[in-house]
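Please read the structure below before turning to the comments.
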Amino acid sequence: MNVTETYDVIIVGAGHAGCEAALASARLGMNTIMFTVSVDSIAMMPCNPNIGGTSKGHLVRELDALGGEMGKNIDKTFIQSKMLNQSKGPAVHSLRAQADKQDYTREMRKTLENTDHLTIRQGEISELMVEDGVIRGAKTVSGGIYYAKSVVLATGVYLKAKCIYGDVCQNTGPNGLMAANHLTASLEENGIKMRRFKTGTPARVDKRTIDFSKMEEQFGDERIVPFSFSTDPESIQKEQVSCWLTYTNEETHQIIRDNIDRSPLFSGMIEGTGPRYCPSIEDKVVKFADKNRHQVFIEPEGLYTNEMYLGGMSSSLPEDVQYAMYHTVPGLEHAKIVRNAYAIEYDCIDYGQLLPDLQFKKIHGLFSAGQINGSSGYEEAAAQGIIAGINAVKYIKKEESLVLDRSQAYIGVLIDDLVTKESHEPYRMMTSRAEYRLLLRQDNADLRLTKIGYEAGLVTKERYDHVCEKERQIEEEINRLKNYKIGANQQVQQVLEQLNSTPLKTAVTLAELIQRPELDYQSIAPLDETRPDLPDDVMEQVNINIKYSGYIERQKKQVKNFKNLEGKKIPEDFDYTKVQSLRIEAMQKLSFYRPINIGQASRISGVSPADISVLLIYMEQHKNG
């Protein structure tokens, strides 16, 4: 007899997407089961040992504001923390933390195992059960039958995974874990188109064999900023571990060029497309031939181990070439490899098959999140995971899906890009992809999204009330500063002179002073006699909102126009073939993607502004038809 069980939601995979999806589903009261090929691989970090970074830090902060776990988990387990891009404007400030890999996995597993309504099951899902275009459950390779009202696929890089370096090709997932070799066939049988992508990882070397005297030490921030808005900053101020910076050189590059024919990337052994924005070292040497050196970041994998991660030197070259090239890098001349660098190939879905809520167009109740959707990165996966988990529950409850748009969150940009654009390589989040990035800063993610997380059921009333109070304090203080005038008296002129700021000719408000490039909210404190005692995060928001008010207002106007297009809904059964003057390519693309509104239609590659004008005119003429 086969095992037969019934759940509300099945989560396939326990990586960063699967963990967030499972927690969201279970915390919303659904009886949830999460399958993984290995319980020991829950929330595993098979590549870089860090969370966050440029634009990715935004995703983690947004995920936290919605009620996700990644931010809380890295706050518990980081060993170094740094706010990147501090010399630039606040729109691109991004938090990044080195994780203790084993500790990160252990803490996330502990959270999952102690979450009500959640069952963790080691086993490989081999088949989806679909009836009349509706998901009914899934089967395991051992014959177990698990019925469910909704299923979330979060398979990461495990589908028919192959790890490759040189002429060595192993049918395994990352870190030698078992690949999931059966589910792809079931997906294809149900009409889901698949493709092959590739990513990679550098070697890990023994810390004891590194000469750090030849490298530049990289320290964490003196004052640590938490990822989670619910983490008390005082609770995480601790001693940090250093990272190190070194560089490749012409000798390194020559070894790579001499052996390029032995690289599976160039020999044809690797079929999958790799990420353009995180290339292997051999890719860098070939594509950026004019560069005589590339950065290599030496990062600890944790406090428990001597393994060091060679960030920037991902490779699939043969083992002997790896040794030769690493040994040319200053500080790595005698480095001993603990784990070889390798490329990993895996199956993921082809573009254009998902709705904006991450549900498959062809199969009701089936959602997917993470690298199976063609993205890369832990943070991108986790962000999709919480949205897929929430929407799997909303599907069961017959509630309207949660869809964040491009003006609300980086998560909205990420998912919109995945469902509307023809990506032919693993997608990576970048600040340049966000049109409204001055509004979508990592510092205000709680103000933007906590209410949405609260309404979804993942944020507590206490946390929501705290954000409402924060909003009130910010607004009140901004208004006070706009109305607080100071005159051009001797004391004021003296303070301004000390701050290297131009003396006053007439009375001004404190808000006008803050807008001066050389001044800010903190520096004008001596001129502010009624200054209230406010929390640091409130003062930060006051300063940014006043200093960049002109730019912020301009972006708000742009968002208003964007919302106008997003508000023009397109009927689900709209027949694009009836729209005369619509170019054939546009008609085909629109029919394939089935955008839900004009804004989304305008972002589909192959659809021009002229096509959108034609579509708008047709819809206006036939709106009552």
Side-chain angles (χ1 to χ4, degrees), residues 3-44 63 66-70 72-73 105 107-130 134-140 142 144-156 158 180 183 357-360 363-370 372-373 381-399 401-402 453 456-460:
V3 171
T4 303
E5 294 182 9
T6 301
Y7 291 85
D8 294 315
V9 180
I10 293 172
I11 310 294
V12 184
H16 304 284
C19 288
E20 296 293 349
L23 286 169
S25 172
R27 286 168 173 171
L28 292 173
M30 292 292 125
N31 191 16
T32 306
I33 185 168
M34 179 173 72
F35 283 91
T36 172
V37 294
S38 170
V39 171
D40 295 326
S41 70
I42 289 173
M44 187 175 75
L63 172 65
L66 290 171
E69 196 66 27
M70 179 175 266
K72 294 176 184 175
N73 206 60
T105 298
E107 283 296 326
M108 185 66 83
R109 180 173 170 181
K110 187 192 298 181
T111 298
L112 289 157
E113 288 181 340
N114 289 285
T115 296
D116 293 340
H117 312 297
L118 179 56
T119 299
I120 297 170
R121 184 74 165 88
Q122 183 165 300
E124 181 186 344
I125 294 294
S126 59
E127 185 182 339
L128 297 180
M129 296 188 292
V130 181
V134 178
I135 196 74
R136 299 299 183 196
K139 295 180 182 178
T140 64
S142 58
I145 298 171
Y146 295 83
Y147 292 102
K149 300 165 189 171
S150 187
V151 173
V152 179
L153 302 178
T155 54
Y158 285 84
L183 187 56
D357 63 357
L358 296 179
Q359 184 175 191
F360 280 89
I363 304 175
H364 295 297
L366 179 64
F367 297 79
S368 67
I372 187 175
N373 287 347
Q384 294 170 64
I386 194 170
I387 299 297
I390 290 170
N391 285 331
V393 175
K394 286 186 174 292
Y395 168 80
I396 292 170
K397 293 182 175 180
K398 295 183 169 55
E399 295 175 355
S401 295
L402 172 59
L458 292 178
V459 171
T460 64

(message) Tell me the closest heavy-atom pair linking Ile135 and Val151, and the distance in Å.
(response) CG1-CG2, 3.6 Å

(message) If you compare all heavy atoms of Met129 against all heavy atoms of Ile145, which two are closest, and at what distance to 0.1 Å?
(response) CE-CG2, 3.6 Å

(message) Side chains of Leu458 and Ile386, heavy atoms from C-beta outward: is any pair under 4.5 Å?
(response) yes

(request) Grab the two heavy atoms, one from Met70 and one from Ala382, that are nearest each other, plus how far apart they are. (result) CE-CB, 3.7 Å

(message) Using modelled atom types and a 3.5 Å cut-off, is there a donor and acceptor pairing between side-chain atoms of Gln122 and backbone atoms of Val39?
(response) yes

(message) Nearest 0.5 Å, please: how far is CD1 in Ile390 from CD in Glu20?
(response) 10.0 Å

(message) For Met34 and Thr32: C-alpha separation, side-chain torsions, deciding distance, then whether side chain to side chain contact (heavy atoms under 4.5 Å, CB included) applies.
(response) CA-CA 7 Å; Met34 179 173 72; Thr32 306; 5.6 Å; no

(message) Quick one, Glu124 with Tyr158, criterion side chain to side chain contact (heavy atoms under 4.5 Å, CB included). Give me CA distance, side-chain angles, the key distance, then yes/no.
(response) CA-CA 10 Å; Glu124 181 186 344; Tyr158 285 84; over 6 Å; no

(request) Would you give the length of the straight line joining atom CD1 of Ile33 to atom OG1 of Thr6, rounded to the nearest 0.5 angstrom? (result) 10.5 Å

(request) May I ask you to say whether Arg27 pairs ionically with Glu69, meaning some side-chain N is under 4.0 Å from a carboxylate O? (result) yes

(message) Considering only residues two or more places apart or on different chains, which pairs with a residue in residues 17-43 satisfy ring-ring contact (aromatic ring centres under 6.0 Å, His included)?
(response) Phe35-Tyr146

(message) Measuring from atom CG of Asp8 to atom OH of Tyr395, what distance do you get when rounded to the nearest 0.5 angstrom?
(response) 12.5 Å

(request) Measure across Val3 and Glu5 and return the closest heavy-atom pair with its distance rounded to 0.1 Å. (result) CG1-OE2, 3.9 Å

(request) Search all heavy atoms of Tyr7 against all heavy atoms of Asn31 and return the closest pair with its distance. (result) CB-O, 3.5 Å

(message) Whether the side chain of His117 engages the backbone of Leu23 through a donor-acceptor N/O pair (distance < 3.5 Å, no angle test) should be reported.
(response) no

(message) Can you tell me how far apart CZ (Arg109) and CG (Asn73) are? Round to the nearest 0.5 Å.
(response) 13.5 Å

(message) Which residue is it: Ile10, Leu183, Val12? I am looking for the one with a side chain to side chain contact (heavy atoms under 4.5 Å, CB included) to Leu128.
(response) Leu183

(message) Please check this pair: side chain of Thr115 against backbone of Thr111, looking for a donor-acceptor N/O pair closer than 3.5 Å.
(response) yes

(message) Show the nearest heavy-atom pair for residues Ser38 and Thr36, with the distance to one decimal.
(response) O-OG1, 2.8 Å

(request) Scan Val393, Leu366, Asn391, Ile396 and name whichever one has a side chain to side chain contact (heavy atoms under 4.5 Å, CB included) with Ser150. (result) Ile396

(message) Can you tell me how far apart SG (Cys19) and CG (Leu118) are? Round to the nearest 0.5 Å.
(response) 9.0 Å

(message) Return the OG1 to CD1 distance between Thr155 and Ile125, rounded to the nearest 0.5 Å.
(response) 11.5 Å

(message) Can you tell me if Lys394 has over 12 outside heavy atoms packed within less than 6.0 Å of its NZ?
(response) yes

